[in-house]
Amino acid sequence: MRVSALKFSAAALLAATSLLAAPAATAVDLDAALLAKGGGGGGGGGKGGGGGDTTPTETPGTSTCTSALISGGVKCWMSDDVVDAHSAGYTGQGTYITFVDDFDSANTFSGNWGEGVKTQTHGWWTSSETKIVAPDATYFLQDFKDDVALTFHDVGLDVVNASYGMIGMSRFYYPGVLDSYATEKSIIDAAWGGNAVVSKAAGNDGIAVGGSVKGTTDYLGNSLIGADSVIFVGALDFNGSADNKAALSYYSNYAGSNVDVQNHFLVVGVDYKATGLAGTSFAAPIVAGYAAILGSKFTAASETQVVNQLLGTALTTKIANYSKSVHGMGEACLSCALAPDTIN
Amino acid sequence: MAGLVCIALAAPLAAQDYTHLVEVRAGSALSALAREAAFLDQIYSDGSPIDMAPWYGADWQDIQMTWLTEIDAATGVYWGFSTGEGGGKYRIDPGLTLGFLSVQELDEGWTVSLSTTFRFGGRLSEDPCTADYGAIGGVQTVNCRMSGSYLPPAETLDYLWDKAPEGQFDLDLRWELKF
């Protein structure tokens, strides 16, 4: 489901859209919404559209999660890392997470993070997801129709979650095209200047990040390619294991052939079967939460160092047919990012 | 300890049978704590497991032995020692046990006994590790058991073990009826 909040520039007609704010009433509706967006790229987990991919040799597994909640607060859709973070009781202190999203519109949809079925806007879904991971961070919520520059802090890690895109005609894109949009310019400047960890949803068109679909492209995503402190986040079908490996969700954009994207691309599990919520919109908030947890442990670390730690400790062992042009650096691993390189 | 008093009293007293071995124990609650740590699932940043056994495994367990020496038919003195144990990152100090036992026979088969024991030493302590967190955190001193926790490394040092053994002071008063 697209949420259209129109923003105009002299050069192009831009539409800010929520990335897959799909109503989750039924699986058919969700699939229909994804297909209507022109997704499907290379299809399935193979993602041949990226070029240079190897022939899949592993059969992806399937989610074993049948409901959002198991018992005792453990949420089935969570990775082990998220479970541990949620129960640690000391997560995200001293960090700041800003969500730019749809908070105010009438476009609501239902889902369940394991706290009961709720119906709310896209922004409340994404921000509440991160709050499960990093409840002790300080949160700022900004509706994306408010064209206000984000502000960042001198002390404490800053994180921005961008589960949305700025869709415009591909032929009108140029670096700096978003300079007249205060919010997006501040996000882009922060990513290039290393002033905030920008967790950017990769997109749901089944194409390579930076690519085009039906003549349109994501100006925000394109503007972030090459930035120091950005992470593009794609979605796996579920949180895999060594014995039950997960594939890239068919709708998820993938890393592609651009090395700058590959080196700043992570994937995480987004278990639609358990929560009724799907999309890379719900992958980025998990990485945003991970960044906050790192920032609360390594209080002297810069945003770029936090990004590099998440990228450098990603795992590939639980991904079916891992390929850097599809899955980037791999699956985000919080426990790995928190752990030492050596110890004695 | 008091349960073994009955065994001591029941044994016929010979001129040379004044001292009795009343307790031999291998391991303790503190030993068990260290052994559990040897199996903790700590990992390196590449996801490979950290082998905790060299730090929290021990070649032998803390062994405690206690004797009772009779002063007369109604009183005795407990004395003993514990060997302590240690691994790469922890230590249970050796200890001494001293105590006193008094047994009084009352009318009609009743017996009352009072025993007190004091344990000295036997404390569990732990050394920290040096962890290299790379560019994000550098080299830091950290609790070995918590190197991958969410806490800043310096705060994990507050959780280093510094524990007294169980039963530093025991007082036991019993009545028994033989029929």
Side-chain angles (χ1 to χ4, degrees), chain A residues 80-95 133-137 157 197 241-242 289-318 330-344, chain B residues 33-59 86-91 125-161:
Chain A
D80 289 343
D81 280 346
V82 176
V83 171
D84 290 346
H86 182 59
S87 60
Y90 187 94
T91 50
Q93 282 97 325
T95 66
V133 178
D136 298 307
L157 187 83
V197 175
S241 64
Y290 286 3
I293 292 172
L294 283 175
S296 68
K297 172 168 183 168
F298 301 109
T299 55
S302 69
E303 282 74 3
T304 301
Q305 287 173 329
V306 168
V307 166
N308 289 340
Q309 183 73 359
L310 285 169
L311 295 169
T313 56
L315 295 179
T316 62
T317 52
K318 296 185 284 184
E331 184 175 10
C333 176
L334 176 62
S335 53
C336 305
L338 290 167
D341 296 339
T342 63
I343 185 170
N344 53 59
Chain B
L33 202 60
R35 266 197 307 286
E36 282 175 12
F39 297 98
L40 280 175
D41 289 330
Q42 296 286 301
I43 61 172
Y44 291 103
S45 58
D46 65 358
S48 61
I50 296 175
D51 185 4
M52 306 291 284
W55 298 336
Y56 296 100
D59 293 334
K89 292 292 181 180
Y90 83 99
R91 180 175 57 257
S125 60
E126 185 179 19
D127 295 326
C129 279
T130 301
D132 186 354
Y133 289 96
I136 195 173
V139 177
Q140 300 207 36
T141 303
V142 68
N143 185 319
C144 310
R145 295 175 288 115
M146 301 172 71
S147 63
S149 79
Y150 305 96
L151 289 176
E155 293 189 26
T156 68
L157 302 178
D158 295 337
Y159 297 89
L160 288 171
W161 289 329

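To find a chain, count down the sequence lines: A is the first, B the second, and so on, and within it residues start at 1.
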Original post:
Applying a criterion of heavy atom separation less than 4.5 Å, what residues of residues 298-307 of chain A form contacts with chain B?
Top reply: Phe298(A), Ala301(A), Gln305(A), Val306(A)

Measure across [X] and [Y] and return the closest heavy-atom pair with its distance rounded to 0.1 Å.
| X | Y | answer |
| --- | --- | --- |
| Asp341(A) | Ser45(B) | OD1-OG, 2.6 Å |
| Tyr44(B) | Thr342(A) | CE2-CA, 4.0 Å |
| Pro152(B) | Ser296(A) | CG-O, 3.6 Å |
| Ser147(B) | Ile343(A) | CB-CD1, 3.6 Å |

**OP:** State, yes or no, whether a side-chain contact exists between Ser335(A) and Ile43(B) at a heavy-atom distance under 4.5 Å.
**Re:** yes

Subject >> Interchain contact, Val139(B) with chain A, by part (heavy-atom threshold 4.5 Å) >> reply: neither

**OP:** Pick one of side chain, backbone, both or neither for Ile50(B), based on which atoms fall under 4.5 Å of a heavy atom in chain A.
**Re:** side chain

Original post:
Distance from Thr91(A) atom OG1 to Tyr150(B) atom OH, nearest 0.5 Å?
Top reply: 8.0 Å

Subject >> Nearest-0.5 Å distance, OH of residue Tyr133(B) to CG of residue Leu294(A) >> reply: 11.5 Å

Original post:
Should we say atom CG of Asp41(B) is surrounded by more than 12 heavy atoms from elsewhere, each under 6.0 Å from it?
Top reply: no

